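Take a look at the structure set out below.
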Amino acid sequence: MFDYESLRIIWWAILVFLICGFAVMDGFDFGIAILLPFLGKTDDERRVMLNTVGPTWEGNQTWLVTLGGITFGAWSIVYAVLFSGVYSGLLLLLFALFLRPVGFDYRSKLANPEWRSFWDWGLFVGGTVPAVVLSLAAGNLMVGLPFELDADMRSTYTGGLFDLFQLFPILCVLVGVSLCVMHGAVYLHWKTESFIAERAQAVIRWSSILFVMLFLLAGVWVAFGLDGYKITSAIDTTITANPLHKTVEKSTGLWLANYSIYPLLLLAPIMTVISALSAPFFTAKQHSATAFVLSSLAMIGAIVTAGGSMFPFILPSTLSITSSLTIWDASASHYTMKMLLAATIVFMPIVILYTSWVYRIMRGKVTVEQVQANEHTMY
Amino acid sequence: MITNEVVDLSRMQFAITAMYHFLFVPLTLGLSFILAIMESLYVMTNKQIYKDMTRFWGKLFGINFAMGVTTGLTMEFQFGTNWAYYSHYVGDIFGVPLAIEGMMAFFLESTFVGLFFFGWDRMSKMQHLSTTWLLALGTNLSALWILIANAWMQNPVGAEFNYNTMRMELTSFSEIFFNPVAQVKFVHTVAAGYVTGSMFVLGISAFYLLKNQDVPFARRSFRIASGFGLAAILSVIVLGDESGYTVGEVQRAKLAAIEAEWETEEAPASFTLIGFPNEETRKTDYAVTIPYLLGLIATRSIDEKIDGLDTIRERKRHRIENGMIAYENLQILREDKTNDVAKAIFEQHKKDLGHGLLLKKYTENVVDATPAQIESAIKDSIPKVAPMFWTFRGMVFCGVLMLFIFVASFYFNVKRDAHNQRWLLKMAFWGIPLPWIASELGWVVAEYGRQPWTIANILPTHLSTSSLSSGQLMGSITGFVVMYTALLIIELFLMVKYIRLGASSLHTGNYHFEKQGAGHV
């Protein structure tokens, strides 16, 4: 069961699971931050919006931090090559994320309208930029990044921030942002009432259609316009391997090859489209919880679609295609993977358990009356 | 090829971001426990004032915590962005505690911190109290895993080099968990955090007592801080991590530098109280020494020797020579994995491979190093004495001052007379910066003292960085400094504002400014 080959597949699955967890949990936080200046017309309304996620956003963001830690431990070279390569992009992400903890905590500590407006825009940036940068990163992972490994496994990267903005990744940004907006609006609809909920409903309607159109367009692009990668040499999946000991082929449409090898994978894009399109009907009928499950499924489906088409690649290289990192040659040692798996099996269920408890405690709608009555304790 | 400038800038960025982060972490560690103690008193006595105390100090905790999270994010990603080769080379080991930290500790603290602030009216008293304790537990577990990772950099155990993947790989999880350096470091660091939290509460409570503002509230806060603080400062000093400096060679070099032990002396070694270390003559000018003391503190015995810098330097020469042999055979092995002779020689010398890599700073090929280059590498392999000597003494000096403040506070508390000792209250107030100075100096002792290594005896600092340009680094350093400084100013502004308001910021109608009808947030 826990031979090296299976562990690599399990750890790929855990990576996908953590990305999904992050997207589902932090996706609506980002979406609400993007909608903040547009849906919240008054200070009270903006406070309602912030307080829908106020008690829980911090735990949600921990999915990203843990994702970083897990990548470091289980896929060290991916962590090293990716983060040092897209240096400016990552700093942009960090600087934007800096605004969130302080924005949430400091915004309502003073009554001064300029102070509050400053932090509202800070929170808008803190939600928008990460959604953009991370979708852009996802797009660039599918395109491949311009890096090369030498015999010491030192990576050199050619290209700067602006090289990340190619057409396909930009399309991915639109896909990701529209999905976050929909997901955020669905959560907002669930947690608020009257004006804000009505405005959220309108957003859900257009963003779901926009997302599905963009998602399908990206699919067509992957089939006919984007180069995919494939390992062409025999690869021993059971030993500690060196990425440079393989050969790789690159050509258009290869990212779809997995769909004929594993036809079940087709369920992911189908689920994405159906869930996203049906979410507005459930919010219209006030079945907000169901709608939230559906928009989460759309999130998960979209990530599995992208990750699944790249399998077993994690980080393809455009500069030297043999340097591409796959699950067979970028993983931690067998022993480390076993240890980390044990930790994950023990701790992640506990995390999910107490997170659910916290959401249960904080259940119910946030109202204008509530935030007015709790001027000094809520955000 | 990585230039020295890139290495220096990368180090500078790491030092700046880590030291900023460490302005907020110790307070989080200590204050979270103080909140848990205050709330426990509330649940036990059912007195509203303890709830108010938990909520007020909780507000200050929140202002600080936000900055801790902000600056902490950088730390999780910075190994990848700026220390990519390090991340590849030791990620198999170093990444493990970081990954576990995320799942076990960081989730815990960040999930319950929201509930701490928002859950007061939604839970039973016991449920909320559990939330506060879980928050404190989360912050401290977080420190545990981070320090296990950090201790592995100082004393790398339970790992082996794999020439196939060109990296270190984990061989024993229990060895890195039970690393003796980690144990000492954890106790020392969290206790320093408790001192920070206590000094913060003590000093601010003293400020209220001096101004006669909300005296019952301030006296109770002062009492809790003096008790917790005294226990904490005694732990820091008695369990100070000097005892951890006898384990592992880099730790021993650090100790020798801290104590300016230029030469190995007969056991038990004497302790240099003060003096002026002179790198040229390898002597300490005007040294005031106390016989036997160092040997007693560091080895807890009277017959164990402490290595002087001369002994350590000679060992380094030997290890660098071995390292060259290891490196030479590694090159042969990489071309031809079936070469059993090379393999045997490599296996025999591989524990010194890191010392061979020290030469990479001077010659790419390592094996062709000249005697002069070897001398330079030996010289590099010992941290500079004067900075270590002074930062350590600065830290200890702050510690001694705080010990005095806590002992005096505790004494007058027992006599129920602390609020009348104006000199003590003033001292406690002006002493607030002491724990921060001590913590930052302590960080410098531990991490500067690790040079020239990122991983002791395994990976030299100058090989650990990412392939970045000086321009990129200058850009990011500027960004960090501007961003962090701006946020720090905002944080201090809010902190001072809320400290001045005191318990009145709770808007319960029972405190100072509200009774006077003045001062509204």
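Residue numbers start from 1 in every chain, and the chains themselves are labelled A, B, ... in the order their sequence lines are given, proteins ahead of strands. None of the values given here were measured: they were computed from a predicted structure.
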Bottom line for A/Leu64: the part with an atom under 4.5 Å from chain B's heavy atoms is both

Once the angle between the rings of B/Phe161 and B/Tyr89 is folded into 0 to 90°, is it parallel (under 30°), tilted (30 to 60°) or perpendicular (over 60°)?
tilted

How close do B/Ser505 and B/Phe56 get, heavy atom to heavy atom, and via which atoms?
OG-CD1, 3.6 Å

Is A/Asn51 close to chain B through its backbone or its side chain, or both, or neither, when contacts mean heavy atoms under 4.5 Å?
side chain

In terms of heavy-atom pairs under 4.5 Å, which option from A/Ile77, A/Val351, A/Asp152 contacts chain B the most?
A/Asp152

Among residues 325-335 of chain A, residues within the sub-4.5 Å heavy-atom range of chain B, in order of number, are A/Ser331, A/Ala332, A/Ser333, A/Tyr335

Between A/Met339 and chain B, which part of the residue has a heavy atom less than 4.5 Å away: side chain, backbone, both or neither?
side chain

With sequence neighbours left out, the residues meeting ring-ring contact (aromatic ring centres under 6.0 Å, His included) with B/Phe112 are A/Tyr354

Side chains of B/Met168 and B/Phe94, heavy atoms from C-beta outward: is any pair under 4.5 Å?
no

Report yes if the distance between the aromatic ring centroids of A/Phe95 and B/Phe480 is under 6.0 Å, otherwise no.
yes

Is chain B contacted by the side chain of A/Ile361, its backbone, both, or neither, given a heavy-atom distance below 4.5 Å?
both

Is the A/Phe104 ring parallel, tilted or perpendicular to the A/Tyr379 ring (thresholds 30°, 60°)?
tilted

Of A/Leu97, A/Leu93, A/Ile350, A/Thr344, the largest count of non-hydrogen pairs under 4.5 angstrom with chain B goes to A/Thr344

Could you tabulate the donor-acceptor pairs under 3.5 Å formed by side-chain atoms of residues 78-85 of chain A, not counting sequence neighbours?
unit_1	atom_1	unit_2	atom_2	d
A/Tyr79	OH	B/Glu76	O	2.7
A/Tyr79	OH	B/Gly80	N	3.2
A/Ser84	OG	A/Ala80	O	2.7

A/Thr355 versus chain B, the contacting section by heavy-atom distance below 4.5 Å:
both

Can you see which heavy atom on A/Ser108 is nearest to which on A/Met378, and at what distance?
CB-O, 4.2 Å

Which bit of A/Glu375 is near chain B, if near means a heavy-atom gap under 4.5 Å: side chain, backbone, both or neither?
neither

With a 4.5 angstrom heavy-atom cut-off, could you sort out which part of A/Arg363 is near chain B: side chain, backbone, both or neither?
backbone

Just list the side-chain donor-acceptor pairs under 3.5 Å for residues 67-75 of chain A, sequence neighbours left out, or say none.
unit_1	atom_1	unit_2	atom_2	d
A/Thr71	OG1	A/Leu67	O	2.5

